[in-house]
There are 2 protein chains.
Amino acid sequence: MKLSNGVEWALHCCVTLGQSQNPVSAARLAKLHGIPPAYLAKHLQALSQAGILHSTPGPVGGYALTRPPARISALDVVRAIDGPEPTFRCTEIRKRGPLALPPEECMNACAVSRAMATADAAWRAALEGVTIADLTQDIDADSSGTAMSGVREWLAGAG
Amino acid sequence: MKLSNGVEWALHCCVTLGQSQNPVSAARLAKLHGIPPAYLAKHLQALSQAGILHSTPGPVGGYALTRPPARISALDVVRAIDGPEPTFRCTEIRKRGPLALPPEECMNACAVSRAMATADAAWRAALEGVTIADLTQDIDADSSGTAMSGVREWLAGAG
DNA sequence: GTATCTCGGATATCTGACATCCACGTTATA
DNA sequence: TATAACGTGGATGTCAGATATCCGAGATAC
């Protein structure tokens, strides 16, 4: 099991966009983070379709957050990039083999599926409790308060 | 992100093995659950290497649990099948691009990585709280107490 | 009105999961 | 002792999804 690394890019991009009042193009976001521009564009599209980012076409266009960083959770970003499907998909083993259960006894999810779903819910709850604002603050604290001001300067400059 | 469906098979096989005092061959486990025998054998090998199952070669051989079902957690099985790697791998974005941080400021994990690791720990903790014995009891309750007796009968018979 | 910059969807490549098979060592039974 | 049954490990083929890229549609500034 592996999480798409696009999630990491998307989270960092949301943190960055929280530092800018003007739209930032996909190309500049890619250059700032040192990642492939064409591929990042695909993930930004997903964030846009999920309602996390607002895109403005034309010159001086780009992407911007649709709401304050404190109202965007890490779970929102993960769902947008990785999809809403749970990590575990039940194959309904109990309906197969010589001891297969009749469909009328399989109305609710099987015990294995329920246990995995509970763990999945715990994972999602933890992600829901972290916002882009939290991540921004933590990243700034890690750098002794220089990271975000550096980002703002870079965004203001020519890049 | 997707969890290998071998995890589902492995959990069901552990529940089944908990109902048998004698070793059960991979072929019979596959037939009972209606899944491909050759592929299941691969996963059973992983469970054996992880110390969850004990294998006995030769005729009347097969697999058996190494400890009581109450002492085998769902996390043990997931780790054996899916590997110990966390769901999120940090690409160290902060070391790339024009604002790359020097290595001496990257001694500890970045904020994004920490947030994902926390969620991952919550997921694993939830799985650790569920044992094979719990799953067995739940499956039996779902079937009004007929499922496990049916499994025991099938294992005792020729199959 | 035009040129330019942007997003958006369609397209190609490539890794890893899924699934299978076979030769080998081991063990119980005849 | 010979034989049959079983797990072990490696090699192999197949396929979905992630990775990576390109070009057309649309909007804005000049």
Side-chain angles (χ1 to χ4, degrees), chain A residues 1-10 13 17 20 22-31 33-64 66 78 80-85 87-89 91 93 158-159, chain B residues 1-10 13 17 20 22-31 33-66 78 80-83 85 87-89 91 93 158-159:
Chain A
M1 182 173 58
K2 174 174 72 78
L3 194 60
S4 164
N5 71 3
V7 170
E8 181 183 8
W9 300 354
C13 283
L17 288 174
S20 174
N22 306 317
V24 182
S25 74
R28 295 194 72 198
L29 281 173
K31 179 181 284 188
H33 294 111
I35 55 185
Y39 191 30
L40 176 63
K42 191 157 189 62
H43 292 309
L44 293 175
Q45 284 178 32
L47 291 176
S48 178
Q49 289 174 353
I52 297 173
L53 300 185
H54 171 69
S55 66
T56 60
V60 305
Y63 291 97
T66 56
V78 168
I81 300 295
D82 210 60
E85 306 92 26
T87 62
F88 181 82
R89 304 160 304 154
T91 315
I93 276 191
Chain B
M1 180 174 61
K2 175 173 72 77
L3 195 60
S4 165
N5 71 3
V7 170
E8 181 182 8
W9 300 353
C13 284
L17 288 175
S20 175
N22 305 317
V24 183
S25 73
R28 296 193 71 196
L29 281 173
K31 178 182 283 188
H33 295 111
I35 55 186
Y39 194 30
L40 176 63
K42 246 346 177 211
H43 293 308
L44 292 175
Q45 284 178 31
L47 292 176
S48 178
Q49 289 174 353
I52 297 173
L53 300 186
H54 170 70
S55 66
T56 61
V60 306
Y63 291 99
L65 300 179
T66 56
V78 168
I81 300 295
D82 210 59
E85 307 91 26
T87 61
F88 181 82
R89 302 161 307 155
T91 314
I93 275 190

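Hydrogens, waters and symmetry mates are skipped; everything else that's a heavy atom, side chains included, is used. Chain naming here is simple, since letters A, B, ... match the order of the sequence lines and numbering starts at 1 in each.
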**Student:** Within the structure provided, determine whether A:I81 and A:L47 are in side-chain contact (heavy-atom separation under 4.5 Å).
**Tutor:**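 SC-SC contact between A:I81 and A:L47 confirmed.
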**Student:** Is the phosphate of C:dC7 approached by A:S25 (side-chain N or O, under 4.0 Å from OP1 or OP2)?
**Tutor:**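 For C:dC7, OP1/OP2 do not have a side-chain N/O of A:S25 under 4.0 Å.
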**Student:** Select one nucleotide: of C:dA28, D:dT21, D:dG7, the one nearest the side-chain heavy atoms of B:S55.
**Tutor:** D:dG7
**Student:** Have a look at B:A26 and say if it touches a base, only the backbone sugar-phosphate, or nothing, with a 4.0 Å heavy-atom cut-off.
**Tutor:**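 The answer is sugar-phosphate, as B:A26 gets under 4.0 Å only of primed atoms, P, OP1 or OP2.
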**Student:** Using atom NE2 of B:H54 as one end and atom P of C:dT26 as the other, report the distance to the nearest whole Å.
**Tutor:** 15 Å
**Student:** Between D:dG17 atom P and B:L3 atom CG, what is the distance in whole Å?
**Tutor:**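 B:L3 atom CG is separated from D:dG17 atom P by 15 Å.
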**Student:** Does A:Q49 have a side-chain nitrogen or oxygen under 4.0 Å from the phosphate oxygens OP1 or OP2 of C:dG9?
**Tutor:** yes
**Student:** Per the atom types in the model, does the base of D:dG9 pair as donor or acceptor with the side chain of B:Q45 at under 3.5 Å?
**Tutor:**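 Answer is yes: a donor-acceptor pair is held.
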**Student:** Grab the CD1-C1' distance between B:I35 and C:dT20 for me, whole Å please.
**Tutor:** 14 Å
**Student:** Taking only side-chain N and O atoms of B:T56, does any of them lie within less than 4.0 angstrom of OP1 or OP2 on C:dT26?
**Tutor:** no
**Student:** Contact class for A:E85 vs. all strands (heavy atom < 4.0 Å): base, sugar-phosphate, or nothing?
**Tutor:** nothing
**Student:** Hey, could you give me the CH2/NE2 distance between A:W9 and A:H33, rounded to the nearest 0.5 Å?
**Tutor:**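 Here the interatomic distance stands at 11.5 Å.
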**Student:** What is the distance, to the nearest angstrom, from the OH atom on B:Y63 to the C1' atom on D:dA5?
**Tutor:**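 It works out to 14 Å between those atoms.
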**Student:** Just to be sure I understand the rule, does A:P59 reach a base, reach only the sugar-phosphate, or reach nothing, if contact means heavy atoms closer than 4.0 Å?
**Tutor:** base
**Student:** Contact class for B:G62 vs. all strands (heavy atom < 4.0 Å): base, sugar-phosphate, or nothing?
**Tutor:** sugar-phosphate
**Student:** Mind checking the NE2-OG1 spacing from B:H54 to B:T66? Nearest 0.5 Å is all I need.
**Tutor:**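 B:H54 NE2 to B:T66 OG1: 9.5 Å, rounded to 0.5 Å.
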**Student:** Decide side-chain contact (heavy atoms from CB on, under 4.5 Å) for B:L29 and B:L44; before the verdict, give the C-alpha distance in whole Å, the side-chain angles of both, and the deciding distance to 0.1 Å.
**Tutor:** CA-CA 10 Å; B:L29 281 173; B:L44 292 175; 4.0 Å; yes
**Student:** Considering just the side-chain nitrogens and oxygens of A:N5, establish if one lies under 4.0 Å of OP1 or OP2 belonging to D:dA18.
**Tutor:** no
**Student:** D:dG10 base to B:K42 side chain: any donor-acceptor pair below 3.5 Å?
**Tutor:** yes
**Student:** So B:Y63 and B:R28, do their side chains get closer than 4.5 Å, heavy atoms only?
**Tutor:**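 B:R28 vs B:Y63: side chains apart.
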**Student:** According to a strict under-4.0 Å criterion, is B:Y39 in side-chain N/O contact with OP1 or OP2 of C:dT20?
**Tutor:**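 Answer no for this pair, as no side-chain N or O of B:Y39 is under 4.0 Å from OP1 or OP2.
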**Student:** If I take atom CG in residue B:L40 and atom C1' in nucleotide D:dG7, what distance separates them, rounded to the nearest angstrom?
**Tutor:** 12 Å
**Student:** Can you measure A:H43 atom NE2 to D:dT21 atom C1' for me and round it to whole angstrom units?
**Tutor:**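 Taking atom C1' of D:dT21 as the reference, NE2 of A:H43 is at 13 Å.
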**Student:** Return the value, rounded to whole Å, for the distance between atom CG of B:L44 and atom P of D:dG9.
**Tutor:** 13 Å
**Student:** Could you grab the distance from atom CG of B:N5 to atom CD1 of B:I35, nearest 0.5 Å is fine?
**Tutor:**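 One gets 9.0 Å once the value is rounded to the nearest 0.5 Å.
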**Student:** How many Å lie between CZ on A:F88 and P on C:dA17, as a whole number?
**Tutor:** 17 Å
**Student:** Taking only N and O in the side chain of A:S4, is any of them less than 4.0 Å away from OP1 or OP2 of D:dT19?
**Tutor:** yes
